Each structure stands twice: as structure tokens, then as C-alpha cells.
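Below is one structure, written out as C-alpha cells; the observations come after it.
Computed over heavy atoms, backbone and side chain alike; hydrogens, waters and symmetry mates excluded. The shown structure was predicted, so the numbers you read here are calculated from the model rather than taken from an experiment. By convention in this document, chain letters (A, B, ...) are assigned in the order of the sequence lines, proteins followed by strands, and residues within each chain are numbered from 1.
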Amino acid sequence: MTSPYDHRSLEAKWQARWQETGLYRVDLARAPRPYYNLMMFPYPSAEGLHVGNMFSFSGADVHGRYERMRGFDVFEPIGFDAFGIHSENFALKVGRHPSELIATNVARFREQLEKLGAQFDWSKTVDTTDPAYYRWTQWLFLTLWKGGFAYRARRNVKWCPQDLTVLADEQVLADGSCERCGAQVTERELQQWFLRISAFTDRLLENLDSLNWSENTKLLQRHWIGRSQGALIDFPIPGDDPIRVFSTRPDTIFGATFMVLAPDHPRTLELASPAARPEVAVFLEEAARRRIAGQRSDEGSTRGVALGRDAIHPLTGAALPIFTADYVLSGYGTGAIMAVPAHDQRDHGFALEHHLPAVEVVTGKEGPGTHGGAGVLINSSQFNGLKSPDPAREVITAALVEAGSGQAHVTYKLRDWGISRQRYWGPPIPAIHCHSCGVVPVPEQDLPVLLPYIEDFRPLGTGESPLARDPDFLHTTCPQCGGEARRDTDVSDTFLDSSWYYLRYPSADRDDVPFDPELTRKWLPVTYYDGGNEHAVLHLLYSRFVTMALEQLGYLDFSEPFTEFRAHGMIVMSGAKMSKSRGNVVVPDEYIARFGADAFRLYLLYLGPYPETLNFVDSGINGPYRFIIQVLRLLEQLEARSGTATAESAELARARHRCIQQVTVDTPERKYNTAIAAMMIFVKRLREDGGPVPKEALETLALLLAPYCPHLAEEIWERLGGPYSVHQQPWPTADESLIADEEVVVVVCINGKKRDQLVVAAGTDSSTLEGLALELPRIQQWLEGRVPERVFVVPDRQVNLVLTD
RNA sequence: GCCGGGGUGGCGUAAUGGUAGCCGCAGCGGUCUUAAAAACCGCAGUUCGCAAGGACGUGUGGGUUCGACUCCCACCCCCGGCACCA
């Protein structure tokens, strides 16, 4: 039998037709029911789209197409996140210029994306490396700057000795290595641009409660923001300024037996007694070396030395020796702690090592060195008996406030966003350094500050961007005084490009504004955002910050960019991430060429639940491919009988409506795998039926398949005589009254074990079922004349006869 | 260490208190064919049994229940995130 499926010509035909008719172009100004279906735009690597891209775009497209058939005007744009270190490093590696490479990659990506058959509106696309786009990225920077959200500071920043650039905290992995190249990250002090994300810490945190996002994603953000409530407490030092510490557990203050300062706390050396100073100085030097070498994994360290000096406990007046130790970090809280060895693991370890006393102040089953659960204060003077941590925390904080030595305080892990990159492949930061005027913004009318073509774009490694090599770029005049000036030679972080691209899409063809106010009011915030959880704390947090800032500055009238966010899963190969080094990268093009985009989409989504991690299985695509051929065979069968109408049997109507129901429930819940299984079951049923296929069956299949196999669905729909396009038809509705079974199988169990079954009319009542069950010969054999003590009947399902002993 | 997700046939998975293994892959047997492929039909958790049928079976151990993959407790393993955060 010849295959009825020539996917190449079929898919090419419909893709051409969609383009001619502009099926996916949305009249943004007029659309009555806007639905902004966004998916994270890809970074156009040299390898082309990978299976993960194909998977997530297919899933997000199914969502968009389904919403369209439900009557929404779905705007589904796609673009290219093409600036960044990825591209630049690759260009360095292959010895070509990134601007050339990216043009090729973008063209290739676009071709691949078109082949996938998604309903992308290509009339509104973005490429972050296009001056028409990054002009507005620069505008965004200036706007944030003028609005008080950008500032320069000399900071110890994370520096990658391999990529020779500054990294954001988020780009440093837990083991202290560079997210991109794996080199051990070090520290370096440079003058940097920062964006004041800390201005919105509380809102970024609080808004999460009411955002309709994947819970997992929200959790990651909460974690990253890292809010801790506690108190700042001053510990006086005789003849000196007090030491201020931060503690989340002020209720344990009576258990404080010593103090610890971070090695890079500004007062560590100064506080050391003359006798201890030489030893302290040596220790601080070593500690600095360890920190710069990026030894972040040196956990549980009890390394430290005494300063030979005491602090005074503010409530008991006891003398507490002061130490400096690796385990206290300068970057968190005040960089100094009160150590409570009885109730903190690290303090406990340090106390053991240095023979320091521990005083238990909270009762509890847990041993020393544990915070444990709730308990009652002991050894805490007039506070004994208070429940800890609460309300003891508030009571003791209040006492400290009264004593003038403390105040309630909240700290966060979230830091301001460093955006300066001493690299080439990014939008130049639009700032000018003038000797007399200082740092001056580039006037808006001078944007874009074009990224010059530089032959040698290797990083200098001096802390300056390669743009410093280009004198024409570097030297300019001050827009304020007209005097000689230099441009900022850093480029901005790629995440700045992607922090606002969703605002740009609807206005992508406008060169007079970054985003048109009216279109923005109509289409934003984004209705539905599909993306990977790897961006839970970077892109998604930055986007929220930018939106809040732009709202505060009057450019937007909403504060959250993504109304609904859903994280998708990823595709792995035998349990491991696909990567070139593992040699398990699957090239999707081959699959599409051989089986077609429809089969490939179907296959990827059939692999398992869309939100989860799924295993790619090479041969798995055969099933979905066969399924498509079976559907087309049914269509051919129907066509062969053209003219003779076949009435749909009640049986087939039931199967069909069940299928509609299942697909309708599963699709919006993103259970694409079970939706596809339901369609397979229906097709199986049709084939088993053997009789002439009713037209309704194929009409329904065309509609249900439309989001999943957009080309195939069009073909079926057209051949059935339906009006173009199937994607503009309303989603079918299941008729509940047709779905119910007439007959059901009721399992008969004895003591929970299946022993026989009954086939009865649906809805048979419990006592009838019990009677029928007891009459079954096999059941009577098992009962051996005994009478069940109890009988449990689940109508239409099960009868359980219970015998004791 | 902390937080989240997960562990079911050879494989991807389905079923979230009521017949465990739906749907699919791979496999095996058959039909068609000169042959192979494709297509189509059938078999298929493990085990005992000629069969009828039975026993066992959802990471491990306990518990709740007439009934547990599903709920509770403890533990083991895998994946992801965070990590001297006081």
C-alpha cells in the first residue's frame, strides 16, 4: 500500500497558504479579544534550534492555537535574543566576527521556526542586535538612569578570568565557577553600572503571592530575594564604637558567648589588640586570598582567630571575646554576628574548635547547635518561659530598642543588578565621561549609539571593553559643555535586552517610540507566558523590575509584565541533559525532514506531561507518524464513498464526544500527552469499528488536531469541504449526554481481591449489584457457604465482599 | 545541609482512594509478498500450572482503610534550585 502521506508537499502547501493569506497576522489596533501568547525568544546559536526549543515552541503554540479556536485574537510573536557572551565566545572560537555569524544563525533559525508551523506573526519580530531594537534598549537604560534607577559604583565584582569579564552574581554557579565557561570566578574591583532592583525588593516579593505563575517559579524567586526578618543589635566595646550585628534570632541573645566579624569587615584589623594584630593581619591576608580564589565551596570552615578584645553583652553586661572567621560573610547583614553556639550549627562548630562555652537558652529535644523547632526560653533572665522563637523574638527586640541597643530589621539576599560588561557583543552603554561635567547621558536624539564594527573584538582583559580600541568610537564631545570626552566603552548585559522585549513586539514596526502607549494598553501585560524555569530568577525577575520601574516613571500603567506564567519541562536523553560534551544532542531537522513537523510536534508532546522533564526516545516518533497515516487512511476511505452519507452510530458518537471531552480538558491543562492518547484511542475505535467512517468523525479530528498538527488538520478540513481555515473554526463542544456508558463492568472482590465481574446497565443500584454479585457461581465457590460480614458497593465500579478471618 | 520535583513492564508513560500497566515504542508470532520493507491481524508485568486458575507485583519498611501507585510516618535513591545568608 502506498503511503497517503507526503508530509513535505503537504506542509509546504499550507505554510505557503498561511503566508499568502496572512492567517497569523493580527490587526493589533482592532482585534476585539486580545490574547498575548508569549514564549521565551531563542538565542540563535550556531547549532540551530535544538529539541528543547522545538518542544517548548510546539507546546506554547498548541496553547495559542487552542485559545484562538476558543475565540481569542491570539498574538504570537517570536524573535531573537542574539547579543551576548554565548555568541561572542563562539565567534572567538571559530575565528569569525559575531555580526556575520549571527546573521547566518538568525536566518537559519527563522527557516527552522517556519518549518515548525507555529502561528508566529512574523510582521512583528525583534532581533536584539538590530540597531532599531537596541536603540530602545539604550533608551530604557537612559530612562532608568534619569529616573534614579541606575547608578555607578566601584564594587568588587565577580570576574571571570577566562571570559575576561565581569559576571552578574546570577552567572556564578554554586561551586564558584563561571556559568558559561566553567572557569573559577575571582573578584575584581571595577567602576560599574548598577540598576536599583533593590528599590522594589518588597514589591517583587509580595506581588508573587497574587501572580498566576507556576508555583515552582515563584518559589525560586522568593528564595533568590531571600527576605530575613530580625534585628540589628549593637554590642558596646569599651573605649570604642559598638559592633553592630544582624540576627534573625534576637530571642537567643542570652546564648551569645562570643562575637565574630567577617575578615573583610572594615573594622576587623582596627579592633584587634596590639598583641593580636600581627596574627590577625596574617589571617586577613590569607582569608582574602581564599576569597579571591573563589573558594566558595570551603564550607563548614572553623578557621578564625581571636582579636584579643571583648565586646559587652548589651543585656547581661558579660564580656564576649571577639573573633574574625571565614564563615562570616561581609556581604550579608552587617558582616558581623553574635555567636550562639547552643543554637547555631556553625557557631557550634567554631566554639568546639576554639574551646568556647555554649549556653542553652531554648528548651527542646534537639541537641546543641540546632535551631530546632519551638521551645521555651531558659537562662534568659526575666525572659525565661517565653515561647521561642515567637513571641520571644518581639519581646526581646522591644527590650533592646528600649535599652537603646537594637532595632527590628529586614535583610535580603537580592543585590542590585550589575549590567556593565567589558565585552564587545552587546549594546554600548549610552553614557559619556566628561572631565568637567562628569558622567553625562547621551541625548536621546543621538540614539542609537551604534556598536562599531571592530575587527579585533577580543576582550582586553584590563577591565576595559574592546570598544576602547576604536578611537572613533571612544572620543567624542560632551553633550553638555561641548568639551573633549570619552564614551563609556562597556556594553550592557544581555538580560537588559530581554528584560523588555515583550513591550516591543506589538510596536516592533514603529521607529518613533519604544512601545506605543495605546497598543501597550491594549495588549499588555502579557496574557500567557511560556518559558523554561532556568530563567526563573534572571530574566523573569529583571523583567518584573523593569516593568515596575517604567510604571513608576509613568510609562506603563501596570506593574507586573506577565499575568500568567507557566514553566515547561525539558527534554533529556537517558536522564541527562543534552549537551555537545555528552554527545547526545539530537538534531531536530532530520526528524522534520523525514517525518514532517506535525509528526515531530505530536511526538515531542506525546513524550509525557509538558511541564515535566521528559526522556527523548529515538524510535518513539514512529507511533505518532503511524497515527497520522491512519487518520489519512480513514479520510481516503471516506472520500472513496463520496456522496453516500453514513449516519454515525451511537457507539461512534460516544467515542467521538469522549475524545472531544478529554482533549478539551487536557489541552488547557497542558496535558498534551493524554490529549494525544485520547485522539489515538478514538482513531483506534474507528478502525476497529470496521464500518464506513462517518464524516463527523473526521471533522472532529480535524478540529481537535488543529493545535497539535496544524498542517494535517488543514488538509483534512479542506478535503472534507470545510471553509478556510480550520484554525478559524470554533473549538468543538462535547455533548455530555452522549458520553455516558450504557453498560458497565462491575468488579466483584472478596476482601479486596478481584474474584469475578458483572456486566450490568449503568446506574444499577447498590442492593441489586450486591444481590447479583452474591449469585455469581465463582463467588459462591469462594464464599464456601459463608456470609459476608460487610459489603461495600461503589456503583458502576466495584462490589467488595468482606469476610472476617 | 535546606527547598522543590520524582522513583510504576525491556523503554516513554497512564491511572491520584475502587479492575495497576491505558496510549505508544521496542520485541515476538502470523497474513500479504519471489523476498525484504511497509501495512494489517495477534501475543506480551513476574512467576507456578497442560489448562482452568492461583500467587506475587507501583524504590524500602511500617501505618490508616472493606479497599492504597494514590493518604500518613520513617528511610533509600535520582533530578533541579539554593547554600558558611547568622
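- If you check B:rU60 for Watson-Crick or wobble pairing at under 3.5 angstrom, you find it paired to B:rA74.
- The pair A:Asp209-A:Arg222 counts as a salt bridge, with a side-chain nitrogen and a carboxylate oxygen less than 4.0 angstrom apart.
- Residues A:Thr268 and A:Leu307 share a closest heavy-atom pair of O-CD1, 3.8 Å.
- With respect to A:Asp326 and A:Arg346, no salt bridge is recorded, no charged nitrogen being found less than 4.0 Å from a carboxylate O.
- Counting non-hydrogen atoms under 4.0 angstrom, A:Leu219 reaches the backbone sugars and phosphates but no base.
- For B:rA51, there is no paired base (Watson-Crick or G-U wobble, both distances below 3.5 Å).
- Between A:Leu329 and A:Arg687, the residue anchored nearer the 5' end of RNA chain B, judged by the nucleotide with its closest heavy atom, is A:Arg687.
- Nucleotides B:rC23 and B:rG42 are separated by 12 Å at their P atoms, to the nearest Å.
- For the pair A:Arg346 and B:rA86, the criterion of a side-chain N or O lying under 4.0 Å from OP1 or OP2 is not met.
- Of the candidate nucleotides B:rC66, B:rG53, B:rC82, B:rC82 has the atom lying nearest to any side-chain atom of A:His223.
- Contact between the side-chain N/O atoms of A:Lys753 and the OP1/OP2 oxygens of B:rC56 is found at a separation under 4.0 Å.
- With sequence neighbours left out, A:Gln780 forms a side-chain contact (heavy atoms from CB on, under 4.5 Å) with no residue at all.
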Do any N or O atoms of the protein come closer than 3.5 Å to N or O atoms of nucleotides 28-31 of chain B, and which pairs are they?
none

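- Checked against B:rC84, B:rA14, B:rG81, the side chain of A:Asn673 finds its nearest nucleotide in B:rA14.
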* To do: Sugar-phosphate atoms are those with a prime plus P, OP1 and OP2; base atoms are the rest. Using that split, label each nucleotide of nucleotides 18-27 of chain B B, S or - for protein heavy atoms under 4.0 Å, 5' to 3'.
  => BB---BSSS-
